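Here the structure comes first, spelled out in structure tokens, and everything after it is commentary.
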Amino acid sequence: MNPVLDSRARRDRTRSRAWFLQVHYRWESEGGGFTPGEALAATVRARRIAPSRLRYLERLVGAFEDNQEVIESTISECLDNWRLERLSVMDRGILRLGATEILCLPDLPGKVAIQESVRLAERYGGSESPRFVNGVLDAVFRTAESADSAGRG
């Protein structure tokens, strides 16, 4: 594997995750007026997204849209004394992103999804966001792992 290409691919995925947060924000701010896929289409029309980043972004948005119910249900089960709708829009988006990667993209290690989400929380969230995101997504990861092992057993 070419380390330069591998590094570029990782950087593209990182930027795709930040784009996901923009799409998520657009989707949420419309108040249910359209789907996440429609929010993606509107973002693509309004902004210039590199094709190498768009591929992963489309995969993320599609996986979230196709599995939204299970993603949100799993996050909600892992929130202690919180409700998803009471979180800041940024924390909600980061949790949805991380949970989508953990639950729906088996080719990405769960620990990588958590680490990338924590980095986004450090950059875009509040002072408590990184620790909060790490704790919730770690619980999502453990839930997914136990479901996988129960399914194989």
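Bear in mind that the values here come from a model prediction, so they are computed numbers and not experimental data.
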Find the distance between [atom1] ([X]) and [atom2] ([Y]) and round it off to the nearest 0.5 Å.
| X | Y | atom1 | atom2 | answer |
| --- | --- | --- | --- | --- |
| Glu101 | Arg17 | CD | CZ | 4.0 Å |
| His24 | Thr100 | NE2 | OG1 | 9.0 Å |
| Leu40 | Arg45 | CG | CZ | 9.5 Å |
| Ile102 | Ile75 | CD1 | CD1 | 9.0 Å |
| Thr74 | Leu103 | OG1 | CG | 5.0 Å |
| Arg96 | Leu87 | CZ | CG | 9.0 Å |

Will you find, in the side chains of [X] and [Y], an N or O donor that is under 3.5 Å from an N or O acceptor?
| X | Y | result |
| --- | --- | --- |
| Arg53 | Ser16 | no |
| Thr35 | Glu65 | yes |
| Thr14 | Glu116 | yes |
| Arg47 | Gln22 | yes |

*Using the side-chain contact (heavy atoms from CB on, under 4.5 Å) rule, pick out the option among Leu95, Leu84, Ile71, Val136 that qualifies with Ser76.*
Leu84
Is there a path of hydrophobic side-chain contacts, each under 4.5 Å between heavy atoms of I/L/V/M/F/W/Y residues, joining [Y] to [X]?
| X | Y | answer |
| --- | --- | --- |
| Val133 | Leu21 | yes |
| Leu97 | Val112 | yes |
| Phe34 | Val23 | yes |
| Ile114 | Trp82 | yes |

_Quick check against the 3.5 Å criterion: does Arg13 have a side-chain atom that pairs as donor or acceptor with the backbone of Tyr56?_
no
Measure across [X] and [Y] and return the closest heavy-atom pair with its distance rounded to 0.1 Å.
| X | Y | answer |
| --- | --- | --- |
| Gly98 | Ala113 | O-CB, 4.1 Å |
| Val118 | Pro130 | CG2-O, 3.9 Å |
| Ser29 | Arg26 | OG-O, 3.0 Å |
| Ser146 | Thr143 | OG-O, 3.0 Å |
| Pro109 | Asp107 | CD-O, 3.8 Å |
| Arg48 | Trp19 | O-CZ2, 3.9 Å |

_Please evaluate residues Phe132 and Leu137 with respect to the criterion side-chain contact (heavy atoms from CB on, under 4.5 Å), reporting the C-alpha separation (whole Å), side-chain torsions for both, the decisive distance (0.1 Å), and the verdict._
CA-CA 9 Å; Phe132 178 73; Leu137 290 180; over 6 Å; no
_Pair Trp27, Phe64 - check ring pair (Phe, Tyr, Trp, His ring centres under 6.0 Å), show working._
CA-CA 12 Å; Trp27 170 66; Phe64 172 69; 5.6 Å; yes
_Checking Ser129 against Ile94 for the side-chain contact (heavy atoms from CB on, under 4.5 Å) test, could you report, in this order, the C-alpha distance in whole Å, the side-chain angles of both residues, the deciding distance, and whether it holds?_
CA-CA 9 Å; Ser129 295; Ile94 294 168; 5.9 Å; no
*Residues Arg131 and Glu128 bridged, charged N to O under 4.0 Å*: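 Judged by the 4.0 Å cut-off on N to carboxylate O distance, Arg131 and Glu128 do form a salt bridge.
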*Could Asp6 and Arg11 be called an ion pair, given the rule that one side-chain N must be under 4.0 Å from one carboxylate O?*
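No, this pair does not count.
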_So for atom CD, which belongs to Glu69, do other residues, nucleotides or ligands contribute more than 12 heavy atoms lying within a distance under 6.0 Å?_
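Open: at most 12 neighbouring heavy atoms sit under 6.0 Å from CD of Glu69.
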*If you count the non-hydrogen atoms of other residues, nucleotides and ligands that lie under 6.0 Å from CG in Asn81, is the total more than 12?*
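No, CG of Asn81 has 12 or fewer neighbouring heavy atoms, counting only those of other groups under 6.0 Å.
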*asked:* Before you tell me yes or no, could you show the steps for Glu77 and Glu72 under side-chain contact (heavy atoms from CB on, under 4.5 Å), namely the whole-Å CA-CA distance, both residues' side-chain angles and the distance that decides it to 0.1 Å?
replied: CA-CA 9 Å; Glu77 290 171 14; Glu72 291 183 354; over 6 Å; no
